[in-house]
Amino acid sequence: MSGQHIHAEPTNFFRKHVFSVDHKVIAKQFLWFGLIWLGIGGVMAMMIRWQLANPGEPVPVIGSMLFPRTNGVLDPATYNTLFTMHGTIMIFLGLTPLMIGAIGNWSIPLMIGARDMIFPLLNCLSFWAMFLGGAVGFISLFVPLGATEAGWTGYPTLSTTINGVGSGETLWAIAVFLIGASSIMGGINYMTTVIRLRAPGMTWQRLPLTVWGIFLTSVLNVLFVPVIGSAMLLLIMDRVFGTTFFIPASIMQGAGGGDPILYQHLFWIFGHPEVYILILPAWGIIGDLLSFFSRKPAFGYRAQVGAMVAVTLLSAVVYGHHMFTTGLSAMLGESFMLLTMIISVPAEILFFNWLHTLWKGNLRLTTPMLFSMGVIFVFGLGGLTGIYLATIGTDIFLHDTYFVVGHFHLTMAASALFATFAGIYFWFPKMFAREMNEFLGKTHFWFTVIPLVTVFCLMFVMGYAGMPRRYYDHTSAEYLRSLQHLNKYATHAAFLLGAAQLVFVYNFIRSRWWGKPASQNPWEVGTLDWTMETPVPHYNFKEIPEVFTGPHEFSNPDIPDGKDWISMTEKLKA
Amino acid sequence: MNVSSAATSTLSKEEVRTRVDVTLGMIFFIGSWTMAFGTLFLSFLVLRQRVGVWPPEGIVLPSFPLATVATLILVASSLGLHRAVRAWDAKGGGGEREQASSAQRDWAVGVGLGFAFAVLQALLWADLLAAGRFPSSGLYESLFYGLTWVHAAHVVIGLLALLWAWIGLSSGRYGPNRLSTVSNIVIFWHFVDVVWIVLYLGFFVF
């Protein structure tokens, strides 16, 4: 531990704020970057919802500004671009930088008692690789013939030159490749840091659950993001150099072509672990926060860690459930179905542990606590509906309907987003040395959770009624016209959801510069990040702390001087 | 691999710690990249199954003798670099003059053979192009060019890193801590070597 140097604080503006190697600065860079992209992706979602409720009508307010050629009407190609880029942006440029980049960078060194990440330069490169990826993705929106229209999954032959003739799809693949490179760099850094730089006494069984979640996510990042990287390389070669990895022989006049289904395998070998890449940090964060704000130890700490490890392992062997309709052999299909069902066992273990953490707790319903409880709720809804999609018989009917859209938005998107918000509200006082407004935070929560559940539960109904995803105009089909009023309800709810985010933006900006100065430990918790002074000094810990207790020693009768919490650096009474 | 030998040498406790840190990072990197090349090789195997006859009839294949020589050269390059790093490690970066000069020689041979491999790889492509076989000519060409391109990109990065390390070594600026960097670059080069052997077996042997 003494091997960690204390470098002088840089005075040059570029070294300090732009190309900084300090994990705290990089965390804030990821935070701003992710929030901006979350906003862009959110506006795209609003336009998609507008088109679904009012097909062919001009988008109000921003429509004529963004699409002057059509007087604000979304044409089918633009609509395709919007849902494709919405998915790509939210996953790769919104949630990934926020959850893994910002919260990961912020919490790992501070929570394990390290002065910085183990490879600070790699950390800096990781942010700038992602920035470059975002820049390429942004540029692709403005190239001739438009951005990608192939869906966020980029299936060939939609994504090969046969359909996507412009350079948009190629730029999309390059962007995903660069963002993947960023994730791998981050993953290697996080794993090595957690293994090598834990403070004395910070055993694996005292590691905060947040760090466990991000650690396991890093393992998945390091193992499975390279798979999408390679798939993107092959796709780029198919588009640019005329190779035929994913282009079938029937299209190539029989000259021994490739296989589009191969791409789907490669994509989902990555794509399913990606779901858990986003959800594991969320589970870790709420595992900690539910304990902190129930003033009780996290119930079944070891069971929670074990369940997260089990999910990490299982996530690698279930990807086939995305491909039940591709003509997978019956034996393979049934194997994937069974393995997918098995994942619900560790997921249930987590659920019961969270609920038992809350049970008879001395609940403090702060904003981070509300969002953490929100994760249990929305992930529960999403997880239960996943059973129908894991079952081959029902999946063949529900495949590519709005049922799927509702399901993955609740599991992956909403749960990860809620945990991100919980994390931001929770660490904000340490990050910016100011408090966020609690009233606005709670307003944000309630106006987010109710419309959000409304939107996606309506999607279950519409999907079950047979409404396919990615259609430009559902009213063109007779049997879907009767669903149009539900689409309108969903859109109104979505607009309310969008408006609620403005409350967050206002609260965030206002608190960042004009908020009440935060005390050192406003939440009264014992993890190492809150033992430090506020604002956190450059290079964190002057003396590397020694850890004597676990992260969740709340309401323990052996805590000295009558508090209900104890810092990890303090000893319990003998 | 070099961790245990480093621990018994003249390195201080902190230097050993740094060596373990960076080697661990490198092991994760290699694990990650194994998945990346594993994906490419999986695609190779899957697409190969799609074709009844392999290699497809009536096409010009890349030169088997040239590829075999390239393989041997790359293996020799890895061995030379491995010997150099082992010698430097045993002496903790400084060391007796004699030992150092033999290590310098091994290093030079290793890097030189690395460049020789790059030239042979270029010749393999040139041969195919001269025969009128392009990346767009068919599935075999897609796979051969595609996979060797990705590998060659790593060869180029590896050679640049080796040269960069060499400049540092010959100017004597590298203490024992910097040897960790050199050792890591050589681990990367061994990985590039192993990937090539797998590609060689796939395209030329089986």
Side-chain angles (χ1 to χ4, degrees), chain A residues 1-5 117-119 122 180-181 183-185 187-193 195-197 218-219 221-234 236-238 240-249 252 254-259 261-263 265-267 269-270 273 316, chain B residues 12-59 134-151 153 177 181 184:
Chain A
M1 318 303 148
S2 56
Q4 298 179 50
H5 301 285
M117 287 288 173
I118 197 160
F119 307 126
L122 191 68
S183 290
I184 295 169
M185 286 189 251
I188 291 173
N189 212 348
Y190 292 2
M191 279 170 77
T192 319
T193 305
I195 291 173
R196 297 290 295 167
L197 292 188
S218 304
V219 175
N221 261 333
V222 165
L223 285 178
F224 292 105
V225 173
V227 177
I228 186 91
S230 289
M232 286 301 129
L233 281 182
L234 297 181
I236 292 167
M237 287 181 205
D238 270 9
V240 179
F241 301 111
T243 56
T244 54
F245 294 105
F246 303 133
I247 303 173
M252 298 299 291
D259 186 353
I261 301 295
L262 170 66
Y263 176 91
H265 281 283
L266 300 185
F267 185 87
I269 289 174
F270 150 80
Chain B
S12 75
K13 219 175 147 190
E14 196 186 318
E15 286 156 0
V16 172
R17 206 187 144 76
T18 310
R19 169 65 65 94
V20 176
D21 288 350
V22 298
T23 309
L24 193 62
M26 195 62 185
I27 288 169
F28 294 147
F29 173 81
I30 297 287
S32 186
W33 252 235
T34 304
M35 289 297 283
F37 278 104
T39 305
L40 296 177
F41 205 69
L42 176 77
S43 310
F44 169 80
L45 291 176
V46 167
L47 293 175
R48 195 178 151 152
Q49 295 301 314
R50 291 277 181 277
V51 187
V53 184
W54 190 269
E57 286 173 66
I59 65 164
F134 302 104
S136 54
S137 300
L139 191 59
Y140 186 92
E141 286 79 2
S142 293
L143 286 166
F144 183 75
Y145 281 106
L147 268 56
T148 51
W149 278 341
V150 180
H151 179 257
N177 254 345
T181 314
N184 255 1

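Each chain gets a letter, A, B and so on, in the order its sequence line appears, and its residues count up from 1.
When atom types are taken as modelled, the side chain of A:Ser230 and the backbone of B:Ala36 share a donor-acceptor pair closer than 3.5 angstrom. Between the A:Arg196 side chain and the B:Val20 main chain, no donor and acceptor come within less than 3.5 Å of each other.
A:Phe119 touches chain B through its side chain: at least one heavy atom from C-beta onward sits under 4.5 Å away, while N, CA, C and O do not. At a 4.5 Å heavy-atom cutoff, the contact between A:Ile269 and chain B is made by side-chain atoms alone. Neither the backbone nor the side chain of B:Pro56 comes within less than 4.5 Å of any heavy atom in chain A.
The candidate from B:Leu42, B:Leu143, B:Leu147 with the greatest count of non-hydrogen atom pairs under 4.5 Å with chain A is B:Leu143. Per-residue counts of heavy-atom pairs under 4.5 Å with chain A were compared for B:Tyr145, B:Phe134, B:Trp149, B:Trp33; the largest is that of B:Trp149.
Shown here for B:Ser43 and A:Leu266, the closest heavy-atom pair between the two residues is OG-CD1, 3.6 Å. Considering every non-hydrogen atom in both B:Asp21 and A:Thr192, the closest pair reads O-CG2, 3.7 Å. Shown here for A:Ile184 and B:Ser32, the closest heavy-atom pair between the two residues is CG2-OG, 3.4 Å. Residue A:Phe245 comes nearest to B:Gly146 through the heavy atom pair CZ-CA, 4.2 Å, listed as atom of the first residue, atom of the second, then distance.
A heavy-atom distance below 4.5 Å is found between the side chains of B:Phe28 and A:Ile195.
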